[in-house]
Protein chains: 2
Amino acid sequence: MALAEAILVCLTERPMSGYDLAKNFDASIGFFWRASHQQIYRELGRLREKGYVKSQEVSQNGKPNRIIHTLTPAGQKALRSWSTKPAKHPSIKDDMLVKFYALENMDIDALKDQLTIRMEQHQTKLVKYYRIKERYYDDKPLDLTQKGKLIALEMGIDQEVSMIERLEAAMTKIGNL
Amino acid sequence: MALAEAILVCLTERPMSGYDLAKNFDASIGFFWRASHQQIYRELGRLREKGYVKSQEVSQNGKPNRIIHTLTPAGQKALRSWSTKPAKHPSIKDDMLVKFYALENMDIDALKDQLTIRMEQHQTKLVKYYRIKERYYDDKPLDLTQKGKLIALEMGIDQEVSMIERLEAAMTKIGNL
DNA sequence: TGTATATATGCAAATAGTTGCACATAAAGT
DNA sequence: ACTTTATGTGCAACTATTTGCATATATACA
């Protein structure tokens with residue numbers, strides 16, 4: 001499972017609370033690995049047990065206390081070791097494709113609506129990606145860390161672009177039936 | 001969950017045994033929704049409980065008995081109803097992208113090897129898709145059922161093509177670091 | 001005064017998916 | 001003789017994910 005590793009990766013940047021991590025998963029790394037805050041807190045518990053992170057409570061006045069999690073050398077080592085293990089290809093599970101596959105049993109108009117919604121969602125995501133790219137990576141000298149994030153981001157961009165193209169093509173096809 | 005629906009979809013073609021379904025999930029519909037035979041048998045039990053399929057044992061000489069599952073009118077109705085419900089977008093969970101995101105903590109050579117393996121896997125899949133397309137859909141008059149399957153197949157093809165392009169681009173980028 | 005949002009943590013239950021095992025027969029290859 | 005492949009069904013345990021709930025404080029808005 002890469003949730004553990006995704007968390008460790010975030011913590012290589014800086015020590016963070018569960019809340020910070022959850023926000024990261026909503027914004028940056030979450031584009032490649034989605035996780036809810038509940039999942040993150042539970043996983044943090046496991047990582048602490050394994051000794052991959054160490055956690056310390058920090059008092060705050062007004063707001064609830066934060067628990068800051070720091071990557072340990074053992075955690076860093078685990079991350080390196082993970083990097084050499086084969087990445088398993090993501091399992092394709094797409095309602096939409098199943099619906100096309102079963103077209104004769106589907107409500108075509110409803111399917112068209114769903115296609116439209118999907119396209120909009122991917123469009124929104126794409127815009128977000130472009131904004132991040134412009135803001136953080138364009139016309140700037142980049143170190144290895146940033147180059148890696150840029151490669152991931154560009155893969156994300158291309159993924160969304162090609163997804164939108166595919167959905168448009170499908171829409172045309174079912175429009176011409 | 002679309003596993004139930006994917007099974008129902010298969011059964012619209014013809015009544016089948018769990019074994020037949022498992023083969024279908026290895027070949028055709030499994031390209032869009034992967035499932036193991038254990039998952040399928042369990043789900044068939046649930047579908048039977050709900051009254052969406054009815055099952056009857058058929059004796060065979062020599063081979064073990066088969067249990068043939070037939071779609072009921074209730075099952076058909078459930079399928080239609082599912083088709084109007086919004087398709088939820090597939091959750092992206094990709095080890096590889098996380099690894100790029102965390103490039104400075106990764107073993108780059110190992111990552112290159114993984115990229116190569118990935119490309120080969122997608123290439124293999126693509127070849128399979130093309131073969132199916134040539135064999136069943138090219139230069140033939142198609143009914144609605146077949147047109148739907150063709151659209152799904154072509155989306156699969158485009159998905160693989162663009163995935164391979166992305167992986168090649170990423171390979172070039174980390175080669176030039 | 002009430003409501004929504006942001007900060008902050010986490011349990012419990014339900015659902016979904018993977019992995020390992022178990023039983024049973026027959027044909028085809030080595 | 002032995003192994004592999006194919007046919008056929010299914011349980012049990014484990015891992016992962018989603019959804020709903022629970023608690024607590026502060027600020028901003030209507």
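Letters go in sequence order (proteins before strands), and every chain restarts at 1.
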What residues 6-22 of chain B contributes to the DNA chain C interface at heavy-atom separation below 4.0 Å is none

Please tell me if B/Lys93 has a side-chain N or O lying less than 4.0 Å from either OP1 or OP2 of D/dA16.
no

Salt bridge check: are A/Lys85 and B/Asp95 linked by an N-O gap of less than 4.0 Å? no

TODO: For A/Arg66 and A/Glu57, indicate whether the former's side chain and the latter's backbone hold a donor-acceptor pair under 3.5 Å.
DONE: no

Original post:
Under the 3.5 Å rule, do the base of C/dT18 and the side chain of B/Arg42 count as making a donor-acceptor pair?
Top reply: yes

Per atom distances to the B/Tyr41 side chain, the nearest of C/dT9, D/dG8, C/dG10 is D/dG8

| Under 3.5 Å donor-acceptor pair, B/His37 side-chain atoms to D/dG8 base atoms | no

inquiry  = When you measure only distances, ignoring hydrogens and angles, does the side chain of B/Gln38 come within 3.5 Å of the base of C/dG17 through a donor and an acceptor?
reply    = no

Quick one: does A/Leu167's side chain get under 4.5 Å of A/His122's, heavy atoms only?
yes

For a quick check of understanding: with a heavy-atom distance under 4.0 Å over all strands, which category does B/Lys88 fall into, base, sugar-phosphate or nothing?
nothing

Nearest-nucleotide check on DNA chain D, B/Ile67 vs A/Gln39; residue mapping nearer the 5' end is B/Ile67

When rounded to whole Å, the CG to P distance for the pair B/Asn65 and D/dG10 reads 11 Å

Between CG of B/Leu47 and C1' of C/dT15 the distance, given in whole Å, is 15 Å

State whether A/Glu43 and A/Arg46 are salt-bridged, where the test is any N-O pair (Lys NZ or Arg NE/NH1/NH2 against Asp/Glu carboxylate O) under 4.0 Å.
yes

Note to self: Using modelled atom types and a 3.5 Å cut-off, is there a donor and acceptor pairing between side-chain atoms of B/Ser83 and backbone atoms of A/Asp107?
What the structure shows: yes

What I'd like to find out is whether the side chain of A/Gln121 reaches to under 4.5 Å of the side chain of A/Thr124, using heavy atoms alone.
no

